[in-house]
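Predicted model only: the values in this text are computed from it and were never measured. Both ligands and their constituent atoms are indexed starting at 1 by order of listing.
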Amino acid sequence: MNDSDSTQSLAINTGSDPRLVTLARLQTPLYLFDAEAYAFVWANKNAVEFWEAKSASELCSRNMNADASASVKQTLQQIKKECFEKDTTALERWTVYPNQTPKTANFLMTPFKTLDNRMLLLMQIHVLSEALDDETLYRTTALMHTTTMISAYDSANNLVYCNGAARDTMPADLSVGTKRLVKSEDATRIIATLSRQHFCDIEAQMYTKNGIRWHSVHIERCTNPTTGKQMYLATETDITEQRSAKEQAYKLAFVDSLTKLPNRVALMNQLAALLDASEPQPFAVMFLDLDRFKSINDSLGHAVGDLLLIQVAERLSESVRGEGSVFRLAGDEFIIILSETKASAVSSNVANRILESMAKHMFIAEHQLLIRTSIGISLYPENADSANELLEQADAAMYAAKASQCGYCFFNSRMSMTSASNIKQRMGIENDLLKAVDNNEFELYYQPKIACNTMTVCGVEALVRWNHPELGTLAPDRFISIAEDCGQIVQLGHWVLNEAMRQQRLWQDEGLEIQVSINISAKQFESNQLDIDIIDALKLHDCDPKMIELEVTESLLADDPDGAYELLQRISALGMRLTLDDFGTGYSNLAYLQNYPLDSMKIDRLFLSDSKHSILLRTILNMGKTLGLDIVAEGVETAAQVDWLLKQGCDQMQGFYFSKPKPVREITRYLCGTSLIAADNQPAANDQDHAA
Ligand code: C2E
Ligand code: CA
Ligand code: CA
């Protein structure tokens, strides 16, 4: 060491301090280091060599600051502080890189106060043997190169060390461990955990040089071997990608992808959590379903249906306003759970808010839609104590609400689950109806009509049957009123009209001159273009209008008597016969019979089946005659009834006594075989047709 080398202001001349003169002679590499300035201050010959410097002054002039990380500097300052405070030494094993060659050594640090009171560290270098060297080298290199972020904190939470990976991500200004955490509750949790046990594992969001990232953090509480003080060692890995993959998986499992609402699985989890709580709180389950969603979906397309569901989900969440959670169960079914409240009062409020919000038009694409919804509510613990039961009850209450069109309904024990399942079946039928015409599932049966004066078949009535793929052959009472409610009757009626005319033409071509009666629903009148449909069908099948009779009911007069009147006039003008069906069951306003273009009226079979109606029946028959209408009796089942009707001057008869409604092949055989009916001579056997 050359005294004249000292060009640096910090550097110290060997000669200026007698202790240095002694140290300069030692073989052990020794040097003085200023932890604050982070610079060499003095070095003996072997230290200069170790550091691969040209001279002590060259070593002292090295700009160490530039290469050192904040954490390494801090570690050194911390060591220095402790060495001075406790007047102890510290030993660290480091790998250093003088001129890029790694050298591993033990550095023994001793506090050294200069004569002018500067506090320095006297460093003794103990170069390690080859074997040890390697091990330490690997360890240190591993620490340096591992992607795991490793950092150490003192008891006051100040960063004292971090490895390369940690340094690469840690923002320069963050030296306090807890400040790295985005959420203060994570810090609180870590501190609480470490006060109980010596480690803590947590997944937390951290501020990093790359923005906020998710880290999996393992923190060990340990003792600094040199200082004996408590310190914390943190190992962290970035799990942002795994985390988002996990979130994605979570979403797939628990979130409905269309509406972004939690799904059925999430619902069942929440119900389980509510019911399994140590002190379960009351809550309400609301079951909500959109009326006629299926027809919107079918008529406007799934894209519109999807957008509608999204809007519904938004309106529901808005209406619930943090008082509960909204789930999408399936299709157009939603569940709302209102918890920890006076559930029944709150659910009434929420239900009213929902109904109010849903009553407003929805604007989707170019469509303006009005959606009605029905809500059923079941309460825990009043109604049931299992998730499934609560859901079933809310479901039953929802169907009751739907049936009574009252918006919402609380479950009560009188609502049997069977009625719910009946209505459910009804809903199933409504769905199936949408495709039944296209799937060619309908078939017409025909029932003969007998002219009383000749006792011959004067026509047949077409009666539709549904060959349902699962439920078998369904009679019209299972589906006609449903089809009327959901509007499908228009499509079905159109099919019936065409099929009956097609068959009439076929019979005509086979030489069977037979009039066909077709039932028309009042709903088919609403479109106001029934006559156009009829004209088209007549043309298409080349039918003589005189061979077609339409059976209409009084209900068609209920809504728009004038419109119905005009339409009936137009149809009658085509030359078709018009029959008033089911007379006696509806309004039975006799006055209109005079004005409407009717040819005949059919007395409901109720009048025949019950003898106490016989006086009434006779009155009707007489009145019909005065009005110039043919009187048809339907539901004729016995020979006695036939006798009686013939005596009263009835014009036509129809009923099981003559024949049940039959499929085309059977009725054709019947028509070919019987032109004369001899009811008088035949015993009225129950299931046998009375044909000669
Ligand atoms: P409707 O027009 O009054 O038809 C007569 C119904 O009485 C038929 O029932 C027939 O099978 C039944 N019937 C006939 N004779 C007897 C009898 O002697 N005793 C008893 N107990 N019943 C008898 P179906 O075929 O089940 O039809 C029921 C109703 O469904 C029809 O009543 C009609 O209102 C409606 N319907 C049937 N086909 C169509 C259709 O194509 N379009 C429309 N809109 N409605 C139809
Ligand atoms: Ca009829
Ligand atoms: Ca009838």
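- When heavy-atom distances to ligand 1 are checked against a 4.0 Å cut-off, E499 has no atom that comes that close, whether in backbone or side chain.
- A distance-only check finds a donor-acceptor pair linking the side chain of S317 to the backbone of A313 [under 3.5 Å].
- Neither the backbone nor the side chain of K660 has any atom closer than 4.0 Å to an atom of ligand 1 (non-hydrogen atoms only).
- Ranking the protein heavy atoms by distance from atom 13 (N) of ligand 1 puts F656 CE2, 3.6 Å first.
- Of all atoms in ligand 1, listed by their number and element, those nearer than 4.0 Å to a heavy atom of D582 are 3 (O).
- Formation of a donor-acceptor pair under 3.5 Å by the D599 side chain with backbone atoms of L578 is found in this model.
- Aromatic rings from F287 and F327 are positioned such that their centres are separated by 6.0 Å or more.
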*Could you go through the salt bridge (Lys or Arg N to Asp or Glu O under 4.0 Å) check for D509 and R505 one step at a time?*
CA-CA 6 Å; D509 291 347; R505 179 77 248 168; 2.9 Å; yes
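- Side-chain N or O atoms of H468 include one that pairs as donor or acceptor with a backbone N or O of E470 at under 3.5 Å.
- Distances from atom 9 (O) of ligand 1 to the protein include no heavy-atom value under 4.0 Å.
- Counting only heavy atoms of the protein, atom 45 (N) of ligand 1 lies nearest to N519 CB, 3.6 Å.
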*Apply the test side chain to side chain donor-acceptor pair (under 3.5 Å) to residues S521 and E484: give CA-CA distance (whole Å), side-chain angles for both, the deciding distance (0.1 Å), then the verdict.*
CA-CA 8 Å; S521 160; E484 284 176 336; 2.7 Å; yes
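- Looking only at heavy atoms of the protein, atom 15 (N) of ligand 1 is closest to Q447 NE2, 2.9 Å.
- Between N467 and E441, the side chains place no donor N or O within less than 3.5 Å of an acceptor N or O (distance only, hydrogens not considered).
- Counting the atoms of ligand 1 from 1 in the order shown, those under 4.0 Å from a heavy atom of G655 are 15 (N), 18 (O).
- With ligand atoms numbered from 1 in the order given, ligand 1 contributes 25 (O) to contacts under 4.0 Å with heavy atoms of R465.
- No donor-acceptor pair under 3.5 Å is formed between the side chain of E499 and the backbone N or O of V496.
- For atom 26 (O) of ligand 1, the closest heavy atom belonging to the protein is P476 CD, 3.4 Å.
- For the residue pair N519 / E461, a side-chain donor-acceptor distance below 3.5 Å is found, with atom types taken as modelled.
- Nearest protein heavy-atom neighbour of atom 5 (C) of ligand 1: E634 OE1, 3.7 Å.
- Less than 4.0 angstrom separates some heavy atom of R605 from each of these atoms of ligand 1: 6 (C), 7 (O), 12 (C), 20 (C), 21 (N), 22 (N).
- Residue-ligand proximity: K602 is placed with every non-hydrogen atom at 4.0 Å or more from ligand 1.
- Proximity of Y408 to N352: side-chain heavy atoms (C-beta onward) are separated by under 4.5 Å at one or more points.
- For atom 38 (N) of ligand 1, the closest non-hydrogen atom of the protein is V464 N, 3.1 Å.
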*Go through the steps for E314 and Q311 under the test side chain to side chain donor-acceptor pair (under 3.5 Å), then give the verdict.*
CA-CA 5 Å; E314 280 166 7; Q311 271 201 30; over 6 Å; no
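- Partner of M362 under the side-chain contact (heavy atoms from CB on, under 4.5 Å) criterion, chosen from H367, R315, Q368: R315.
- Here L463 has heavy atoms under 4.0 Å from ligand 1 in both its backbone and its side chain.
- Numbered from 1 in the order shown, with element, the atoms of ligand 1 that lie under 4.0 Å from a heavy atom of P661 read 11 (O).
- The protein heavy atom nearest to atom 2 (O) of ligand 1 is D581 OD2, 2.9 Å.
- None of the N, O or S atoms belonging to S517 lies under 3.0 Å away from the Ca ion (ligand 2).
- For the residue pair E549 and T579, a side-chain donor N or O sits within less than 3.5 Å of a side-chain acceptor on the partner.
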*Show your reasoning for whether salt bridge (Lys or Arg N to Asp or Glu O under 4.0 Å) applies to D582 and R605.*
CA-CA 8 Å; D582 301 341; R605 66 172 177 272; over 6 Å; no
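- Within ligand 1, the atoms closer than 4.0 Å to a non-hydrogen atom of V636 are 18 (O), numbered from 1 in the order shown.
- Distances from ligand 1 to the non-hydrogen atoms of G493 include no value under 4.0 Å.
- Residue contacts with ligand 1 leave out E484, since none of its heavy atoms falls under 4.0 Å from the ligand.
- A donor and an acceptor atom, one from each side chain of Y670 and E666, are nowhere located under 3.5 Å apart.
- Residue contacts with ligand 1 for S521 involve both N, CA, C or O and side-chain atoms from C-beta outward (heavy atoms, distance under 4.0 Å).
- Within E461, the N/O/S atom positioned nearest the Ca ion (ligand 2) carries the name OE2.
- Under 3.0 Å from the Ca ion (ligand 3), one finds the following protein N/O/S atoms: D581 OD1, D582 OD1, E634 OE1, E634 OE2.
- Using modelled atom types, one finds a donor on one side chain and an acceptor on the other under 3.5 Å when comparing T668 with W507.
- Contacts with ligand 1 closer than 4.0 Å are made by no heavy atom of Q654, backbone or side chain.
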*asked:* Pair D256, R264 - check salt bridge (Lys or Arg N to Asp or Glu O under 4.0 Å), show working.
replied: CA-CA 8 Å; D256 168 49; R264 178 191 283 271; over 6 Å; no
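- Of the candidates K449, Q447, K602, K449 is the only one forming a side-chain hydrogen bond (donor to acceptor under 3.5 Å, both in side chains) with S517.
- Listed by number with element, the atoms of ligand 1 under 4.0 angstrom from any heavy atom of E637 are 17 (C), 18 (O), 19 (N), 20 (C), 21 (N).
- Relative ring orientation between W495 and F442 is described as tilted, the plane-to-plane angle lying within the 30° to 60° band.
- For atom 34 (O) of ligand 1, no protein non-hydrogen atom is found at a distance below 4.0 Å.
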